[in-house]
Chemist: 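Take a look at this one; I'll ask things after.
Each chain gets a letter, A, B and so on, in the order the sequences are listed, and its residues count up from 1.
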4 protein chains.
Amino acid sequence: MPKPPPTSDRRAELLLLAAALFAERGYKNTTVRDIADAAGILSGSLYHHFDSKETMADEILRTFLADLFREYRAIVEREGDPRRAFEQLVHASFQAIDNNHSAIALYQNEAKQLRQSARFAYLDDTDREFREIWLGTLEKGIASGAFRADLDATMAYRFVRDTVWVAVRWYVPGGKLTAEAVSAQYLSMILEGFQSREE
Amino acid sequence: MPKPPPTSDRRAELLLLAAALFAERGYKNTTVRDIADAAGILSGSLYHHFDSKETMADEILRTFLADLFREYRAIVEREGDPRRAFEQLVHASFQAIDNNHSAIALYQNEAKQLRQSARFAYLDDTDREFREIWLGTLEKGIASGAFRADLDATMAYRFVRDTVWVAVRWYVPGGKLTAEAVSAQYLSMILEGFQSREE
Amino acid sequence: MPKPPPTSDRRAELLLLAAALFAERGYKNTTVRDIADAAGILSGSLYHHFDSKETMADEILRTFLADLFREYRAIVEREGDPRRAFEQLVHASFQAIDNNHSAIALYQNEAKQLRQSARFAYLDDTDREFREIWLGTLEKGIASGAFRADLDATMAYRFVRDTVWVAVRWYVPGGKLTAEAVSAQYLSMILEGFQSREE
Amino acid sequence: MPKPPPTSDRRAELLLLAAALFAERGYKNTTVRDIADAAGILSGSLYHHFDSKETMADEILRTFLADLFREYRAIVEREGDPRRAFEQLVHASFQAIDNNHSAIALYQNEAKQLRQSARFAYLDDTDREFREIWLGTLEKGIASGAFRADLDATMAYRFVRDTVWVAVRWYVPGGKLTAEAVSAQYLSMILEGFQSREE
DNA sequence: CATGAATGAGTCTTCATTCAT
DNA sequence: GATGAATGAAGACTCATTCAT
C-alpha cells in the first residue's frame, strides 16, 4: 500500500478540485461540502488544509495570476516589436485558458464579487498591471504604424480583453480545438477584421 | 398626494429593483431581503407579488429576451443585405445593453447556473435561435462576399457574441459613452481589424 | 340577476367550505387562503366575516356539538329502556356522521390539539357530558340485565365511542352505504359479537 | 464520565424524541426546533442526522410498520386456526401500541395527510397488506364457522381495525392497564358482544 | 489527518392578520 | 363586502466553521 502523498501535494490536489467546482457551479453555489465530497473526505476535514473557503479561492487566483503575469512580463520585456508582442500576449492568454481553465473561469465569473472583500483587493492591482501591459502594447503598435492610427486604444483594449478571456466559457481544454488554433483564428479576426478586402 | 401606481406597475417596479441587485451582486448573493429592503418593504411582502426569488429572475429574463428577439427577428426579416443586417444586429445589441442593462448582466452572469434548473430550460432554445440569427447573417455575408471568404463562421459567431455581450460589464448606461458610439467603434474594429492597411 | 344572499347565509356558506377543508386537509394544513380561494374571494376578505381562523373552527364545532347533544339528551330523556336508548344513540351518531361529516372529522382529528387553547376548553365539558350519557346508558343496561354483567363499563364506553366516531374516516356521505345500514351492522356486531353461537 | 453512545444510537435517540413530539402535538404542529430543543441541540444540527423533517417521519413509520408486519405475517403463517389467529392479531396490535406508542399515534393521526406526498405512497401498500391479513383471517373464520355466518366481513374488518388502533389515543404505556388486559377485554367484547346471553 | 457532532448566523418561504381604499 | 398591499412572526433548511476524539 503506497503511502499517501506529502502534505503540499494534497493541498494542490484539493485546490484543483475546488477550482473545478468553483468554475463549474460558481463560488457561492459550491459548498465546502461539495469540495470535500469530491475529495472523498468530510467537510470539516478540509479545515486541516485551508482555514476557509475564501482561502481556497484566494490561493487559486493568486497562483494563476502569478503564472500569467510572469509570462506577460517576459513577453513585453523580451519582445520589442509591438505587433509580435501583441500576438504573443494573445497566444499566452489562450494557452493559459488551456492550462488553468478553472482558475480563469473563477476569475472571470467571480472576481467582481470577490473584489469587494478586502482580502481580494489585490485584484485591483492585477487589473491595473493587466491594463498597462495590453494598453501599452496597443499604443506602441499604433505609434509604430502596426495598428490603425484611428484605433481608440482604450476601446480596443477592452475589446481584446473581453474577447480573449470570455473564451473560457466555451473553450474545452483537451477538445478538438487546440489553444494554438483558437489563438491563430482570433488574431486573424482581430487584426484583419471580418470585411473582405476590396482591392 | 400622488396616487400610488396601479398594481401591475408595482410588480414592474420590484422587478427593476431585483434586476439591478441581481446584476450588481449576483443572483445567489442577492437575498430576498436585499430586494425587499430596496423596495422599502419586508421580505415576506415580496411574496405577495412573486412566488419565489426564481420567479423574479425568470420574469426579468423572459421580458428582456422577448424584447431582444422581437428586434433581432425584425432586423433579419427586414434587411436583405447581410452586412447591413450585421451592423444592425450589433447596434440593436448595444442599444439593449443600454436599455436593459441589469437583465443582460443577469443573463450574462447567471444563465449558466440557472439553465441547470428545469425552469430555465428555455434558455437553451434562446441560445439556439440566437445562434441561428447571428451565424446565419455571418454565413450570408461570407457567401455574398461582404465578409472574408476564409472566415470561420462559427468562430466568428462566438467572437462577436462574446465581444458584444461582455460589454455589459463595463458599459455604463447614461455615461459619457453612448450605445451609439460604442456600437460604431465596435463595428469598425470587428469589420476592419486592428491592422493598418498596408497599401 | 338575483341579489347575493343575506349576510348570515354567507357566513354559513363559508363555514361549510372551511369545515370541508379542515376535514380534508387538517386544520393546520388548511390556510386561510385555501378557504378564501374555495369561496372565490381574497384571504383578507374572510376577515369581514370571521375575526380569525380559530373562530371558524370554533363555530363549526359549537354548532355541530349543540346539534348532537340536543339529540343525545332527547334520547336519554325520552327512552327509558337502556338497550333501546343505546341503539338510538348509535343510530343518532351515524346519522350525525352523515349530516355533519366535516365537523365530525374536524372534531375527531383536531380536538386534541385545539383543546390545549383556552378558547376550546369547553371541549372538556363536552367530553364529560358525552361520557355521562354513554356510560350512564351502558351502566343502566348492565344493571337491567340487557348487557352482560361482566362487561367493564368504562372499557365498553371507550370501545363504542372510538368505534362509532372513527367511522367518519371511511364513511362517505351520500355513498352506497347509508347511515341506517351502517348503524344496523354496527349494532349487530357490538351487541351480538363476532362469535357464532354454539347452541 | 460515561462515553457518548455510538453514532447510530444518536439517530435512534433523536427519532424517539421526534416520534414522541409528533404523536403528542401532531406532525405539522411540531417544529424542527421543538425536536432539537428536546434533544438539547440547535435546530440546524438536526440536519446533520436527517435531511428533512419528512425523513424523520418516514423513518419512524417505516421502522414501526416493518416490525408490525413481521409479527403479523408470522402469526398468519404459523397459526392455522382463524379464531386463534384473530386473537393473536389483536394481541399483537395492542402489544404494538404498548411498544411503539408514538409511531402508531403518528400513523393514526397523520397517515392521511402524509400519504398525499409521493414519498409516503408506500402507505397504500401497507394498507393493502393490512387489509389482506385481517380480512383474510375474518373470512377464514366465517368459513370455518368460528365467526357468525351473517357477519359482513368487510364491515367487521373496518370495525376491528378502527377499534384496535384508535385505542392509541387513550392507552397509556406503562399505566395501570396492561396491553395484555386491554387485549383480553377487547377480544371478549368483540367476540361475545355486549348483549347478555338469554339462555 | 480525518471523523462526527454540533454551532450560529442566515436564507427562502409561509401564513394569519391588518388596513387604507 | 371586497381588494390589494403589506406586516411580523415563525418555520424548514443551508452552510461555513469549530472542536473533541
Chemist: Are side-chain N/O atoms of B:Y122 and B:D58 paired as donor and acceptor at under 3.5 Å?
Modeler: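 B:D58 and B:Y122 do have a side-chain donor-acceptor pair below 3.5 Å.
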
Chemist: Who does F:dA20 pair with, Watson-Crick or G-U, both distances under 3.5 Å?
Modeler: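 Looking at the geometry, F:dA20 pairs with E:dT3.
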
Chemist: From C-beta outward on C:S45, which listed nucleotide comes closest to its side chain: F:dA2, E:dT7, F:dA12?
Modeler: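 When the side chain of C:S45 is considered, F:dA2 is the closest of F:dA2, E:dT7, F:dA12.
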
Chemist: In whole angstrom, what separates C:R33's CZ from E:dT13's P?
Modeler: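 About 15 Å, once rounded to whole Å.
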
Chemist: So what does D:T30 hit on the nucleic acid, given a heavy-atom distance under 4.0 Å: a base, only sugar-phosphate, or nothing?
Modeler: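 Counting heavy atoms under 4.0 Å across all strands, the contact made by D:T30 is with sugar-phosphate only.
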
Chemist: Name the pairing partner of F:dA12, where a pair is Watson-Crick or G-U wobble with both distances under 3.5 Å, or state none.
Modeler: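 In the structure as shown, F:dA12 has E:dT11 as its Watson-Crick or wobble partner.
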
Chemist: Side chain of B:S52 only, please: which of E:dA2, E:dT13, F:dA6 is the nearest?
Modeler: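 Nearest listed nucleotide: E:dT13.
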
Chemist: From the options E:dT17, F:dT7, F:dA12, select the nucleotide whose nearest atom is closest to the side chain of C:K53.
Modeler: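 Nearest to the side chain of C:K53 among the choices is E:dT17.
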
Chemist: With a cut-off of less than 4.0 Å, is there a side-chain N or O of B:H49 near OP1 or OP2 of F:dG4?
Modeler: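 No, outside the criterion.
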
Chemist: Report the C-alpha distance between D:R115 and D:E110 in whole Å, list the side-chain angles of each, state the deciding distance to 0.1 Å, and finish with yes or no for side chain to side chain contact (heavy atoms under 4.5 Å, CB included).
Modeler: CA-CA 8 Å; D:R115 198 190 304 269; D:E110 316 288 349; over 6 Å; no

Chemist: Can you measure B:F50 atom CZ to E:dT14 atom C1' for me and round it to whole angstrom units?
Modeler: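 Checked: the CZ to C1' distance equals 17 Å.
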
Chemist: For C:L42 and A:Y27, find the nucleotide of DNA chain F closest to each by heavy atoms; which residue's nucleotide sits nearer the 5' end?
Modeler: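 Here C:L42 is the residue nearer the 5' end.
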
Chemist: Taking CD from B:E13 and C1' from F:dG4, how many angstroms apart are they, rounded to a whole number?
Modeler: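 Atom CD in B:E13 sits about 15 Å away from atom C1' in F:dG4.
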
Chemist: Could you go step by step and tell me if B:R169 and A:Q108 meet the side chain to side chain contact (heavy atoms under 4.5 Å, CB included) rule?
Modeler: CA-CA 11 Å; B:R169 294 204 180 167; A:Q108 271 290 297; 3.4 Å; yes

Chemist: Between P on E:dC15 and CZ on C:R25, what's the gap in Å once rounded to a whole number?
Modeler: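 Taking atom P of E:dC15 as the reference, CZ of C:R25 is at 11 Å.
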
Chemist: Among F:dA2, F:dA12, E:dT7, which is the nearest nucleotide to the side chain of C:R10?
Modeler: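 The answer is F:dA2, which lies nearest to the side chain.
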
Chemist: Nearest heavy atom decides the nucleotide; on that basis, is C:Y47 or A:I41 closer to the 5' end of DNA chain E?
Modeler: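 It is A:I41, whose closest nucleotide lies nearer the 5' terminus.
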
Chemist: Provide, to the nearest angstrom, the distance between the CG atom belonging to A:D51 and the P atom belonging to F:dC19.
Modeler: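 So the two atoms are 13 Å apart, to the nearest Å.
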
Chemist: Could you state the atom-to-atom distance from CG of C:N29 to P of E:dT14 in whole Å?
Modeler: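 C:N29 atom CG is separated from E:dT14 atom P by 14 Å.
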
Chemist: Between A:G40 and B:T31, which residue's closest nucleotide on DNA chain E lies nearer the 5′ terminus?
Modeler: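 The residue closer to the strand's 5' end, by nearest nucleotide, is A:G40.
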
Chemist: For the residue pair A:L114 and A:L61, establish whether any side-chain heavy-atom pair is separated by less than 4.5 Å.
Modeler: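 A:L114 reaches A:L61 side chain to side chain.
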
Chemist: Can you find a heavy atom in the side chain of D:F50 that is under 4.5 Å from one in the side chain of D:E59?
Modeler: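 D:F50 vs D:E59: side chains touch.
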
Chemist: Over how many whole Å does the gap from B:L14 atom CG to F:dA5 atom C1' extend?
Modeler: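 After rounding, the reported distance stands at 11 Å.
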
Chemist: For the pair made of CG in D:L21 and C1' in F:dG11, what is the distance, rounded to whole Å?
Modeler: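 Rounded to the whole Å, the gap is 16 Å.
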
Chemist: Of all the nucleotides listed (F:dT14, F:dT17, E:dT3), which has the minimum atom distance to the side chain of A:H48?
Modeler: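 Between F:dT14, F:dT17, E:dT3, the one nearest the side chain of A:H48 would be E:dT3.
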
Chemist: On DNA chain F, check which nucleotide each of B:L46 and C:G44 is closest to and give me the residue with the more 5' one.
Modeler: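 Whichever sits nearer the 5' end wins; that is C:G44.
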
Chemist: Side chains of D:T55 and D:D51: donor-acceptor distance under 3.5 Å anywhere?
Modeler: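 There is such a pair (donor and acceptor under 3.5 Å, judged by atom type) between the side chains of D:T55 and D:D51.
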
